[in-house]
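Below, chain A is the first sequence line, B the second, and so on; all start at residue 1.
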Amino acid sequence: MEIANQSPMSNPQKEKVMNNIRTTELQQHIGKRVCLHGWLHNLRQMGGIRFLVLRDGYGTAQAVSENEADFAPLANLALESVISVEGIVAQTPQAPGGVELHEPHIVVITPNSEAPPVALHKKEIKAGLPILLDHAVVANRHPARRAIFRLAAGAMNGFRHTLNGLGFTEIQTPKMVASATESGANVFELSYFGRSAYLAQSPQFYKQIMVGVFERVYEVGPVFRAEPHDTSRHVNEYVSLDVEFGFIENHFTVMALLREVVAGIFATLAEQYTAELTLLQANLPTVPPTIPHIHFAAAQELIWQRHGVDVRGEPDLSPQDERWLGEWAQQEHGSDFLFVTGYPMGKRPFYTHPDLSNPAYSNSFDLLFRGTELVTGGQRLHRYSDYLAALNKAGLPSEPFATYLEAFRYGMPPHGGFAIGLERLLMQLLGLPNLRLTTLFPRDMQRLAP
RNA sequence: GGGGGCGUGGUGUAGUGGUAAACACACUGGCCUGUCAAGCCAGAGAUCGCGGGUUCGAUCCCCGUCGCUCCCGCCA
C-alpha cells in the first residue's frame, strides 16, 4: 500500500499535472493530466478491467484501468478511504458523464478499513430516519443527502443576494438574551455568570431596533424554541431567514417584498444549483407575479363551504386547514403559494399592528407553501404610546422591554417584516416527509447529538 | 402535553404458539475487459429492544418499561 508521507497534496510531477481539480471540472481538462482528491466512493473490479468512483466535495468521477497494478494501492481498503487519483482526462462515450481518468496513479491519503453503517455508494440511502440521524456525520456524505444541504446554502445565497440588491444590510443579533423575547414561555434558560439568560427564540426585537439604524435589515441565523412539540414539522433549533424594513404602507408592502425574496431564492436555485435539483428530482415552484391572498375570515368561510367543517371563529388555522387552503390555491389560482392575511389580534404578539378598519384583526400574514406555513410576517406597531398601550392590554410589564421600547421612544417609522423557515422551505420544495431530513444535525426533544 | 402505530443480522424488510428465524442490500472470498444501484458463485453475521406473565413450549399472546415514529395542540 502506498501512503503519502509528507503533505498529502504534494505531487511529484508538479509541472505537468493540474492540481486541485474538482470532479465537476473534468470536462475543461480533456487530454490533460490532472489530480483529483476525494473519497473512494465505489469500486467495481471485473477481472481484466477495473473502475473506481472518486467522490470529492462537489461530485464524482470515474477512473478506469486495465492494469491490475494501478489499483494495487487499494488492496485491503474499504470504501470511504481518502485518496488522490492522478490520470489523463479522456473523453469516452461509455463513461458516466462522458469523461473519465485513464492511466490512474492512486495514492492513499487516509486509509479506511471499516464499512460505514449505511452504504453511501448506492443511488439512495436505505435507512430509516433514526439511523440516518444517528449516523448523520457519515450519512450526510451521501450525494443525495449532501445535495439537500447544498440547496440550503443556495437558498441562503439567494436570500442574501436578493436583499443586498434591494438596499438591505445584513446584521447579526445576540442569541443570548436577558429576558424572554415575546412571552415568558418556550425559551431555553441558561446560566450566565450566575444570572439567568435565555436563548433567543427570534431576532424580532433586535431586527426592529435595527430598522432605526439601517432602515432595511436582514439576518440569517439560528432560533431556539423550547416548545415541547414532537411532530414531523418541528425541531427546537432551526434557521430563520429574517427581514425587517421601514417606511411601509401596511402589511401588503411587506408581502410584496416577500414575493421578491421568495422569487429570488428559487431563481438562484434554478440558475446555480441545477445539479442538486436534478439529483433530488425537485419540483421547483413558479412564483406568480402577485401571490394570491385571502383574508383569515374568508379562508375559514371557504373551508366551511368547500369541506363542510366549521372552523369559523377559531383563533387560528389548523394544519388540516392549511392543507385545504393550499389545495384551493393550486386549483383556483394555479399557485403553490398563498397569503393568508389578517389573523386575529388575539393570536398575534403584542407588537402586531391592528387592522385599523377592523381592529379585531391584524395587519399580519402567513405565507403557505404547498399547504404548509412557511413564513409569518406583518406590520408592527411603531409609536411609543401604542407599545405602552399594547403591553398594558396584554398584561405585560414594560420594564423587561425597556431596551426595546427605547427605540420607539425616539422615533421609529412604520415598519414590518417576516421570517422564513429555511428547513421548511427545503422540506416543501423537496416534498420530504420530515423536517429533520432537511436539518443538518437536528435538535429535538429526544435528540441533542450528533 | 393528548392519541395512534412500530421495535427481527450493519441497513431495509418478511415470518410463525413447536427443531431459535427468511429475503434484499452492505460485508468477506472467488470468477468476470466497459462497469455506471454492475453481474454470477460461495461465506460470515441476529440469544427477534428490555423485564415480567400466560403456556408443556413465546420472536409471536398479555402486562409493564425503554426507544422510535405518525397525528393533534403550538409554531416556522
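What separates NE2 of A:H102 from C1' of B:rU33 is a distance of 13 Å, to the nearest Å. The distance from atom CG of A:D444 to atom P of B:rU69 is 7 Å, rounded to the nearest whole Å.
Among the heavy atoms of the strands lying under 4.0 Å from A:Q45 is at least one base atom, whether or not backbone atoms are also near. When heavy atoms are screened at a 4.0 angstrom cut-off, A:A78 is found touching no nucleic acid atom at all. Within the 4.0 angstrom heavy-atom criterion, no nucleotide atom of any strand lies near A:V239. At a threshold of 4.0 angstrom between heavy atoms, the contacts of A:V53 with the nucleic acid are absent. Across all strands shown, A:G421 has no heavy atoms under 4.0 Å from either base or sugar-phosphate atoms. The residue A:P130 sits close only to the backbone: its heavy atoms come under 4.0 Å of sugar-phosphate atoms, none of a base. Residue A:G97 is classed as having no contact, given no heavy-atom separation below 4.0 Å to the nucleic acid.
Between B:rC75 and B:rG17, the distance separating the two C1' atoms is 48 Å to the nearest Å. For B:rG67 and B:rC41, the C1' atoms lie 40 Å apart once the distance is rounded to whole Å. One C1' atom belongs to B:rG15, the other to B:rC60, and the distance between them is 9 Å to the nearest Å.
Each of B:rU33, B:rA37, B:rG12 was ranked by its minimum atom distance to the side chain of A:I131; first place goes to B:rG12. Distances from the side chain of A:E100 to the nucleotides B:rG34, B:rC27, B:rG12 place B:rG34 closest.
At a cut-off of 3.5 angstrom, counting only N and O atoms as typed in the model, there is a donor on one side and an acceptor on the other between the side-chain of A:Q62 and the base of B:rU35.
With no hydrogens or angles considered, no side-chain donor-acceptor pair links A:Y218 and A:R160 at under 3.5 Å.
Taking the ring axis of A:F51 as reference, the NZ or CZ atom of A:R44 does not stay both within 45° of it and closer than 6.0 Å to the ring centre.
The residues A:D366 and A:R348 are annotated as salt-bridged, a charged nitrogen and a carboxylate oxygen being separated by less than 4.0 angstrom.
Here the side chain of A:E332 pairs no donor or acceptor atom with the backbone of A:A329 at under 3.5 angstrom.
Among the duplex regions that RNA chain B forms, those built from at least three successive Watson-Crick or G-U pairs under 3.5 Å are B:1-7 with B:66-72, B:10-13 with B:22-25, B:27-31 with B:39-43, B:49-53 with B:61-65, ordered by first number.
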Output one letter per nucleotide in nucleotides 70-75 of chain B: B when a protein non-hydrogen atom lies under 4.0 Å from the base, S when only the sugar-phosphate is that close, - when neither is.
SBBBBB
